[in-house]
Structure formats: C-alpha cells, structure tokens
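These figures come from a predicted structure and were not determined experimentally. The chains referred to below are lettered A, B, ... by the order of the sequence lines, with proteins before strands, and numbering in each begins at 1.
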Amino acid sequence: MRSGVDRFSVVFQLPSFFRSMLCLVAMNKITHAGLRCWPWLAGLVLVAGCGKAEPPAFHSNVVEMDRQGISPKQEQDIANILGALFGTPDKPFVLTETGLDRKKLEQAAGPVRSDQFGKESGLYRRHCGHCHGTTGDGLGPTALVLNPYPRDYRQGKFKFKSTERPDKPTTADLEMILRHGIPGTAMPSFDLLPDTQIQVLIEYVKYLSMRGETELKLISAMADLSEGTLEISRTALVDEILKPVAESWSTASEKIVAPAEKPSIELALSIEKGRELFYDTKRANCIKCHGLSALGDGQTNDYDDWNKPLHEIELAIASERESLRNDTEMPAADRNERESKTATTAAILKSDSLPVRTITPRNLRLGVYRGGRRPVDLFRRIYAGINGVPMPGVGPTAPGGTGTLSPEEIWSLVDYVRSLPLEAISEPPRQRPTAAQARF
Amino acid sequence: MNTTPLELESVWPHRWAVALVCATFPLIWVGGLVTTYDAGMAVPDWPDTYGYNLFLYPWQTWVYGPFGLFIEHGHRLLGSLSGMLTIAFLISAWWCQRRGLVRWLAVVALAAVICQGALGGMRVIEDKVQLAKIHGCVGPAFFAFAVALAVITSRRWQDADGVQNRAGLGKVERLAIVTTFLAYCQLVLGSQLRHLPAGSAPGDFRVALVFHLAIAAALVVHIFLLAFQVFRTQRDEWSLVRPTTGLVALVLVEVGLGAATWVTKYGWPSWMADYLWAADYVVHEGSRLQAWVTTAHVAMGSMILASSLLVALRSVRFAWRGSRAAGQGSWLMEAAR
C-alpha cells in the first residue's frame, strides 16, 4: 500500500493534463468542503470578532471592598451609584458640582475615532488606557511589565505637583507632567499633541480620580453600615461625598507652595550648609533613604501608599494561614470558613492588583529628578515632600507654622542636591599646590 | 519530458507575481502605520470612504486631510491595487501557464486577497480589535504567499535540476521550514501585543511579550543555523545563499528594531536606571521616530517570513528534484515513512 507522500509524488509525475485535472478535482473537493465548513468558519470569525464585543466597563475597587468587608449587594449598590454619578467609559456623565467639562470628557472617552476634519476622540483609550487602565486603576494591559507601575488615580494622590503634600495637583501640574513626561519611566511626553487634546486628557484624569475617590468614600460609608445600604438621595451623595472630593480639586490652585526668595549667599557656602543638613540625622536626615553616597541606596524596604495596603493584606493572609496551620483544635466549620475567606482574599489580590514592590529612593548623583529639574521644583519636593511615598516634607505643615527646616536651609539643600552630580562620591584630600618645577 | 521547456513558458505570470509582491510590501507598511497611529477607524464606512466610492474620493481631501485619513484611505487604495494585480496574475496564469498548480494557486491568491479585504472591511464596520488582529495576521501571510507565487513562477524554480551539490539540502530544508513557522508565530504574537483590547488584564500583555521574546530567540538561532548549513553545503548555490544572507541581515536589523520599539514606546528597562542616558530618557508619544521604528519592526517581520519561505520553497524544490533524479525519496518522504 502506498503512503500518502508517495501518492503525492505520483501526482507530479503525471502528464500535465492529468495533473491539472487532479488539481481541479482536489480544488473542487476543497471548495465543496470549504462551502460545507463555511458556517463554521463564519462562526469562528464571529467568535473571534465578537467574543469580546462588550464595551469596556469601569472596574470596582474589589481589593478595598474585600478589605472593608463589603457584601456583594453593597458592591452592586456602589457600582449603581457610581454609574449614576459618573456614567460609563463610553458615555461619561458628570454633575455640575464636579466642575468638570462634560464635552471634554466625551472627547476623551469612548473608542478611538477621528473624523474627516481631523477631530479625534477616544483620546484616553488611545494614549493612556493601555497603562493606566480603563478605570484609571493603573491596571492597564501593559502595567505588569513596567517599572515603576503606572499611577493608580483612584486614591487621588499625585506625586509631582506644586501644592502642599496632601493637596491635589493643579491643572498646570498635570499639564507639566503630560507635556514633559517623566524621565526614566514609561510615562511619555505628549508635547506633540495639540493643546486642546492635552486639556481633554487632563480633564479625564481628574474625572477618573474623582470617580475613584468617590468610590473609596462610598466603600467606607457602606462598611460603616454593615449589611445596610446608603440613603440614595442627591443631598446625601452629592453634598457629603462628591462635593468634598470635587472641592479638593477646585481649590488646588490656592494651595500652591510659594517658595521664599532665595537668599543671596555665596553658592559654595550654601552648598556646604546643604551638605551638613543632608547628613544631619536629627534634621533633614536625607541619608536615611538616599544613602550616605546619595545613590539611593539607603532604606530600600519601604512601600508607597499604593503598595503598602497590599503588602499589609499579604501579611494578614500569611498570618491567617500560619494561625490556621498551628491551631489544630479549631472546629472544622470555622476552619473551612476562614480558609475560604483567606483564599478569596488571596484570589482577589492576585487578580486585581499588581505584585507588591518596594519604593526606590532617587539616585541623586544622576541629576535627574522626575518631578522637574528647576530649582523651584526641588524646593517644593523638599518643602512639601512627595505625596504617597515616604519622602517627608521639611516645611511647615500649616500656613504660618514652623517646619523642620527654614526656607533658607531648604534653598541650601537644593543647592547641595543640585551639586551632587558634580561631586565625586569619595572626595580624596586635595593635593597641595606645588611649583611646576618641583613636580618634574 | 512532461515539463514545459523553459523557452516556451511565458514570463508574464512571474512578472505579475513580482509586481504583486512589490505592491503588497508597501501595503504591509501602510497597514502597520494605520495600527501605529490608531487610524483604523479614521474612515468609519466600508467599502465607501465617507460616502464616496473608494476610487472617487476627492484626492485633495485625501492628500491634504488629516494624517489618519491619509493613511487609512491610502491603505485601502493600495489594497485595491494588490487585488487588481492578483486578478492580473490569475488571468496571466490561466492564459499563459500550463502548470495546473500555478493556475490554482492564483485562484487561492484571489480568494485570499478578497478575504483579507473583507476582513479589513469587517474590522471597520464591526469596530472589533479582534478582527484587526486577524487582519494583521493574514496580511503578512498573503505577502509571503505572493512571494511564493513569484518563486514558483520563476525560471530558477523550473531549472532546479541545475543544482550541483545536493548534500546537506535535507537539513537546509528542515531548518528553513521551521524558521518559516517560527517567523509566522512571531508575527501572530506581535499582533497580540499591538492589538490589545482596552479591557485586557495586565497578565495578557506579559504572556504575549514573554512568548514574543522566546520565539525571537528561537528564530535568531534557527536563522543562524540555517545560514551555517547553507554556507557549509550550498555555498555555490546563489539562489539559496543570497536570500539566506539577506535573512541573517534582516534578523539582525529586526532584533535592533524590536529593542528600539520597546525603548521608544516604554523607555529603557529599569535595571539600567543607574545610567544617566537611561534615567534621563523621556518617551515622546506619537513621535515620528516611535511610529516609524515600530512600523519598520512590523514590516521587517513580514520580510523575514517571506525570505524564510523563499529559502524553504527553494530547498524543498531542489531536494525533491535531486532525490527524484537520484531515484531516492526526499526528506519529506523519509519523514512521512
């Protein structure tokens, strides 16, 4: 009996007419088979094409909900309230109390489109969604492979801004980040975009942040109610939950840190003063995190505000599992319930958050500062600290108060930090000047 | 002798096939640009363009209009050109070619180009990323198929008996086939990375990326092994040496373009953060460098697929003709047994 391959080779040895005929028959069969399979093939294309046809939806903050013990019904209530207050990723909606421009939001939201006249929409999904996620939770498809992770807007915390530490960034702060990007990270500069599109993106970032913060407030409110649900009235929702969030954004421009005038002292002296403060463990104590060499190799086992709660949940899970292992006399029903709850928490953590990472203090020897390299930017970083990370502020926490360092001292520290890239890590004693003849 | 003497074979099918290849490669480029600039929906209707017949759309509005419209409509016009060239190839194959294989391959080509056009149209009408992904995977396959048509209709294909040294062809054959397979897998994975639905989970991108890198490594190794084998055993056979040399050059360029694509899109890896040039680097979204590097990476992938298919087809052909002349089974037959 001939093998299939032999039969195939025989085809090529036949006169061309018969070969053509055979091919014709084969093609005929294939065509018929194809026609028979057509509904299946069409089905395959439809499954491939329409399988994920559902429009993108906002994702609930399930990690926080699980942490605060929110029931499935409460979770649904929260989703409904948020839907009523903020709409969907394709059709955003805002109340006038938010101060947001609905037209801008509509241009930023939805699928990517452009018309014959070049007007583009779906800007957030085109430029930001792949990293920051549809919900602005920093869980976009590319987030897992980026370091640092993309920002999760839902806490309403932004690191690089001109305002006091706990306050929101101004529109100008967000614009600066969008225009200039963040060096050394995947956050790009959008300087090539028209100004109108940048403003549209800023508005949408504020929208997502307000939505996320409102969700957190709703979760806290629901958690206090145990199994009950919130009173769904405009007064309760808008005045008590939405308005404070919106006001924190609208008043941001009043919270700008205005640096004191730089004292007119000699630069070398100012640098020397700043150097002393940098190493002063009782005052600025910069070496704690940035290290003795300022290479960012000090304390590297701390977490930022986005990772710390996740780390705490991880610790709680580990502790619970340990106690379940050690407690051999626990009733089976209790054990099963606790094991099931721990497994649920672990599954939620795995599916709705990124692996926990420690924060990396900046290597100041490079002269690259993510929040801006102007002296005023460094002053604000040192004065107010960086929101969401362990970098503390050394300025006064309230207007008119006294901070750890005076404005003059902060300027000295700025001068020293700016001089670090030019300073050798180890400074050997300088050679004493000698006459040229003595050297040769 | 059951084959047609070379002097009697018309050169027109080959010429049309080459023209098809030449038209399809820019089509791949422009298609890549459409994805890079997210311009897939710049023209919301199909087969019309903003209500106009595709060919009657005012050229001033097209050329001087928004860039998204320019590349999307241009992509459709280039696609139509490829379709017309496929029809011309089909006519010439049925008119001038006596080989039934070529004739029926021409029919398949026409069916493929129609399907690809329809897929592109469905992608617009349905506005589905999944369809864009399939459209993006079929495009390079059609380009490789067009290259195969050009190879099969060439004189060298019919003059395969002229190969002197057949030792080692079996290994070349095997390596070339595996390389072609890997090159296509790589394109499919690349398509997964480029056409990510907005709501995908963070893990999806990483899985596709890890496989993309792993297959890239396997592909590079296979191309070098193929080159080694060709240079060792077939150094006098220019129809194998030239495309293999090109393949090595292409894969080196492609690796560089891949790295550049990542850097221009996501910056330098974090483990390079202590180098000033990496720490100070800012990604510029939508820059020409970013767009052209990414698109070149896509287009070079198609070139690698087509080149490896070319080497595979020629080596299979030479090995088969050689084994037939020597009265032995080819590697494929031995493997089948």
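- Contact annotation for A:Leu146: only side-chain heavy atoms (C-beta onward) come within less than 4.5 Å of a heavy atom of chain B.
- With a 4.5 angstrom heavy-atom cutoff, A:Pro421 does not touch chain B via any of its atoms.
- Contacts with chain A (heavy atom to heavy atom, under 4.5 Å) involve these residues of residues 58-67 of chain B, listed by number: B:Thr61, B:Pro66.
- Of the two parts of A:Leu193, neither the backbone nor the side chain holds a non-hydrogen atom closer than 4.5 Å to a non-hydrogen atom of chain B.
- Looking at A:Phe117, only its backbone comes within 4.5 Å of chain B, counting heavy atoms on both sides.
- With a threshold of 4.5 angstrom between heavy atoms, A:His59 does not approach chain B through any atom at all.
- Of all the listed residues (A:Leu192, A:Thr142, A:Leu139), the one sharing the greatest number of non-hydrogen pairs under 4.5 Å with chain B is A:Thr142.
- For B:Phe211, the CZ atom sits in a loose shell: 12 or fewer heavy atoms of surrounding residues, nucleotides or ligands are nearer than 6.0 Å.
- Contact between B:Pro202 and A:Leu144 at its shortest, heavy atoms only, is O-CB, 3.9 Å.
- Under a 4.0 Å N-O distance rule, the pair A:Arg113/B:Asp127 qualifies as a salt bridge.
- Note on A:Thr134, A:Val112, A:Val368: by heavy-atom pairs under 4.5 Å with chain B, the leading option is A:Val368.
- Qualifying side chain to side chain donor-acceptor pair (under 3.5 Å) partners for A:Asp195, counting only residues two or more places apart in sequence or in other chains: A:Arg179.
- For A:Ser351, no part sits under 4.5 Å from any heavy atom of chain B, backbone or side chain.
- Nearest heavy-atom pair across B:Val283 and A:Thr185 is CG2-O, 4.1 Å.
- Counting heavy atoms from C-beta on, the side chains of A:Glu120 and A:Arg126 come closer than 4.5 Å.
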When the side chains of residues 274-282 of chain B are checked against the rest of the protein, which donor-acceptor pairs come out under 3.5 Å, sequence neighbours left out?
from, atom 1, to, atom 2, distance (Å)
B:Asp274, OD1, A:Asn363, ND2, 3.3
B:Asp280, OD1, A:Arg373, NH2, 2.6

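- The greatest number of non-hydrogen atom pairs below 4.5 Å with chain B, out of A:Arg125, A:Gln116, A:Met187, A:His130, is found for A:Gln116.
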Could you pull out all donor-acceptor pairs under 3.5 Å where a side-chain atom in residues 258-270 of chain B meets a protein atom, sequence neighbours excluded?
from, atom 1, to, atom 2, distance (Å)
B:Thr261, OG1, B:Leu257, O, 2.6
B:Thr264, OG1, B:Ala260, O, 2.8
B:Thr264, OG1, B:Thr261, O, 3.2
B:Ser270, OG, A:Asn147, ND2, 3.3

field: Verdict with supporting geometry, B:Trp104 and B:Trp94, side-chain contact (heavy atoms from CB on, under 4.5 Å)
entry: CA-CA 9 Å; B:Trp104 288 105; B:Trp94 279 86; 3.6 Å; yes

